[in-house]
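A short write-up of the structure that comes next.
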Number of protein chains: 2
Amino acid sequence: MTRASERALEAVREMILRGDVAPGLRLGEVELAERLGVSRTPVREALTRLAAEGLVEISPNRGARVTSWSIAELEGVFDLRAALEPRATARAVSRADAADLAALDALATEMLAVGSPGPGQDLDALVPLNREFHGRLVTLADHPALAAALAGAIHAPIVLRNFHAYGDASLLRSLSHHAEIVAAARAGDPEWARAVMTAHIHNARAVMVRAAADAQNEKETGS
Amino acid sequence: MTRASERALEAVREMILRGDVAPGLRLGEVELAERLGVSRTPVREALTRLAAEGLVEISPNRGARVTSWSIAELEGVFDLRAALEPRATARAVSRADAADLAALDALATEMLAVGSPGPGQDLDALVPLNREFHGRLVTLADHPALAAALAGAIHAPIVLRNFHAYGDASLLRSLSHHAEIVAAARAGDPEWARAVMTAHIHNARAVMVRAAADAQNEKETGS
DNA sequence: CCCCCCTACATTGCACACAATTCGAGGCCG
DNA sequence: CGGCCTCGAATTGTGTGCAATGTAGGGGGG
């Protein structure tokens with residue numbers, strides 16, 4: 001049986017990323033422990049690590065809450081991704097071997113298949129594929145500090161779910177970008193890949209900031 | 001009494017940053033617990049958080065070790081700082097008010113006082129001042145994602161101690177940079193500050209990479 | 001003689017029990 | 001009737017014991 005703290009970490013992270021628990025909500029230690037069938041100890045460790053990742057915030061003696069993001073902070077995340085991910089992508093492209101290219105190609109192709117509008121479109125299936133694609137690029141860049149910086153900043157929450165926020169046009173752009181990055185990698189052209197990734201992040205930024213603003217307006221109007 | 005886990009965190013972090021424990025060395029839970037007068041529980045939490053910061057590495061069932069850095073990884077850290085800190089500095093400069101300027105000025109001035117060659121030079125006193133200076137700039141930038149990225153990547157270990165690695169010339173350059181950044185801030189000129197910070201990081205990079213290479217050569221020769 | 005396995009020890013991982021702190025509710029006083 | 005205080009329940013922080021895992025040393029087999 002795999003480590004209980006690992007399972008707890010994955011389970012809670014998945015809960016947050018899938019949106020099962022809303023931002024700002026309390027995460028009680030006993031509740032999580034019972035739900036996962038472990039004691040509070042591994043749950044506490046998982047929460048500590050998630051706090052370091054930025055997915056939750058812990059106040060002393062007051063427990064853990066899912067992190068919530070202002071629009072300004074969300075824009076900051078994309079600023080940072082725009083600064084770092086193209087750099088990582090360029091490095092990754094110049095280091096990828098045939099097996100890496102095949103794996104990236106498979107991911108991009110599958111994302112196009114399940115993400116294209118029409119019957120069979122499954123926006124939720126895109127989430128893990130997208131994570132895998134970007135994760136592989138970062139790993140391929142072989143730059144631990146950069147990987148740590150991205151991990152420390154992206155905080156995937158709103159960012160990595162919510163493909164539902166994309167309209168058809170921007171979603172297709174996004175999926176095409178992945179394929180184009182693979183093409184650039186095959187061509188061994190880091191600058192091409194860098195440019196596409198830059199566009200990719202800016203496209204995502206436009207979608208996400210718009211979605212966040214809409215959500216906020218809706219909430220203010222509703223109340 | 002302040003939280004035991006906080007004390008443990010600070011104590012262990014300080015131990016590592018001050019170089020009291022060499023990189024690669026094991027950090028036994030019981031040993032630390034006895035040394036700090038607490039039980040293993042807060043020590044474990046401290047180690048978990050330090051692992052998230054990157055100061056230690058934890059292998060399952062095999063304990064925690066102080067992270068050690070290859071020269072390539074060290075260069076990666078400075079690449080990242082060169083990409084992010086100038087950006088943060090520019091933002092900070094355009095947001096600083098009179099009180100911030102005074103505080104930065106005081107820090108820069110004091111660093112010049114205690115760091116200048118001659119009697120009274122105290123390289124170790126520079127360490128906390130330097131941390132404070134850079135930390136204030138990052139805070140002033142008011143950009144949580146960027147702050148998280150830097151925190152996640154810098155991992156201060158070798159970087160933040162070791163002012164001893166600087167020669168007189170590069171040390172004076174470094175101290176002057178701080179003062180010049182304050183001047184740029186007073187002038188309300190973000191681009192000026194950005195440029196100086198860029199130079200500042202590159203200067204530090206040259207010193208640190210050189211020092212790391214020397215240390216490695218020395219070790220290889222000696223063995 | 002070298003390699004593999006097997007046993008004993010040390011250390012970490014987890015669960016549980018207790019102490020300390022926080023937040024809310026009810027009552028008391030002004 | 002409103003505000004403050006006190007008491008209580010719930011939750012987090014810490015200590016300790018036990019089980020599981022990794023490691024080192026010695027003995028047996030090839």
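Atoms considered below: every heavy atom in the structure, side chains included; atoms not considered: hydrogens, waters and symmetry mates. In the text below, chain A, chain B and the rest are named by the order of the sequence lines, each starting its count at 1.
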(message) Check the phosphate of C/dC14 against A/Ser5, side-chain N and O only, distance under 4.0 Å to OP1 or OP2. Yes or no?
(response)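 For C/dC14, OP1 or OP2 has a side-chain N or O of A/Ser5 closer than 4.0 Å.
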(request) Would you tell me if any nitrogen or oxygen in the side chain of A/Ser39 comes within less than 4.0 Å of OP1 or OP2 on C/dA15? (result)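 Yes, because at least one side-chain N or O of A/Ser39 sits under 4.0 Å from OP1 or OP2 of C/dA15.
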Value in whole Å for how far the [atom2] atom of [N] lies from [atom1] of [X]:
| X | N | atom1 | atom2 | value |
| --- | --- | --- | --- | --- |
| B/Glu31 | C/dT11 | CD | P | 9 Å |
| A/Glu6 | D/dT21 | CD | C1' | 15 Å |
| B/Leu36 | D/dG15 | CG | C1' | 15 Å |
| A/Ile58 | C/dT22 | CD1 | C1' | 16 Å |

(message) Run the side chain to side chain donor-acceptor pair (under 3.5 Å) test against A/Arg87 and tell me which residues pass, sequence neighbours left out.
(response)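 For A/Arg87 there are no side chain to side chain donor-acceptor pair (under 3.5 Å) partners, ignoring immediate neighbours.
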Residues 25-34 of chain A side chain polar contacts: donor-acceptor under 3.5 Å, at least two apart:
unit_1: A/Glu29; atom_1: OE1; unit_2: A/Arg40; atom_2: NE; d: 3.0
unit_1: A/Glu29; atom_1: OE1; unit_2: A/Arg40; atom_2: NH2; d: 3.1
unit_1: A/Glu29; atom_1: OE2; unit_2: A/Arg44; atom_2: NH1; d: 2.8

For residues 93-109 of chain A, dump all side-chain donor-acceptor pairs below 3.5 Å to protein atoms at least two apart in sequence or in another chain.
unit_1: A/Ser94; atom_1: OG; unit_2: A/Ala90; atom_2: O; d: 3.4
unit_1: A/Ser94; atom_1: OG; unit_2: A/Arg91; atom_2: O; d: 2.9
unit_1: A/Asp97; atom_1: OD1; unit_2: A/Ala99; atom_2: N; d: 3.1
unit_1: A/Asp97; atom_1: OD1; unit_2: A/Asp100; atom_2: N; d: 2.9
unit_1: A/Asp100; atom_1: OD2; unit_2: A/Asp97; atom_2: N; d: 3.1
unit_1: A/Asp105; atom_1: OD1; unit_2: A/Thr109; atom_2: OG1; d: 3.2
unit_1: A/Asp105; atom_1: OD2; unit_2: A/Arg186; atom_2: NH2; d: 2.6
unit_1: A/Thr109; atom_1: OG1; unit_2: A/Asp105; atom_2: O; d: 2.8

(request) Provide the full list of side chain to side chain donor-acceptor pair (under 3.5 Å) pairs with a residue in residues 144-153 of chain A, sequence neighbours left out, each pair given once. (result)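 Output for this query is empty, none listed.
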(request) Go along nucleotides 6-12 of chain D 5' to 3' and tag each nucleotide: B for a protein heavy atom under 4.0 Å from its base, S when only backbone or sugar atoms are that close, - otherwise. (result) -----SB
(request) Measure the shortest side-chain to side-chain distance between B/Met208 and B/Ile71 over non-hydrogen atoms and say whether it is less than 4.5 angstrom. (result)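 Heavy-atom side-chain distance check fails, nothing below 4.5 Å.
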(message) Going by ring-ring contact (aromatic ring centres under 6.0 Å, His included), name the residues that satisfy it together with B/His177, two or more places apart in sequence or in a different chain.
(response)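 With sequence neighbours excluded, B/His177 shows a ring-ring contact (aromatic ring centres under 6.0 Å, His included) to B/His200, given in chain and number order.
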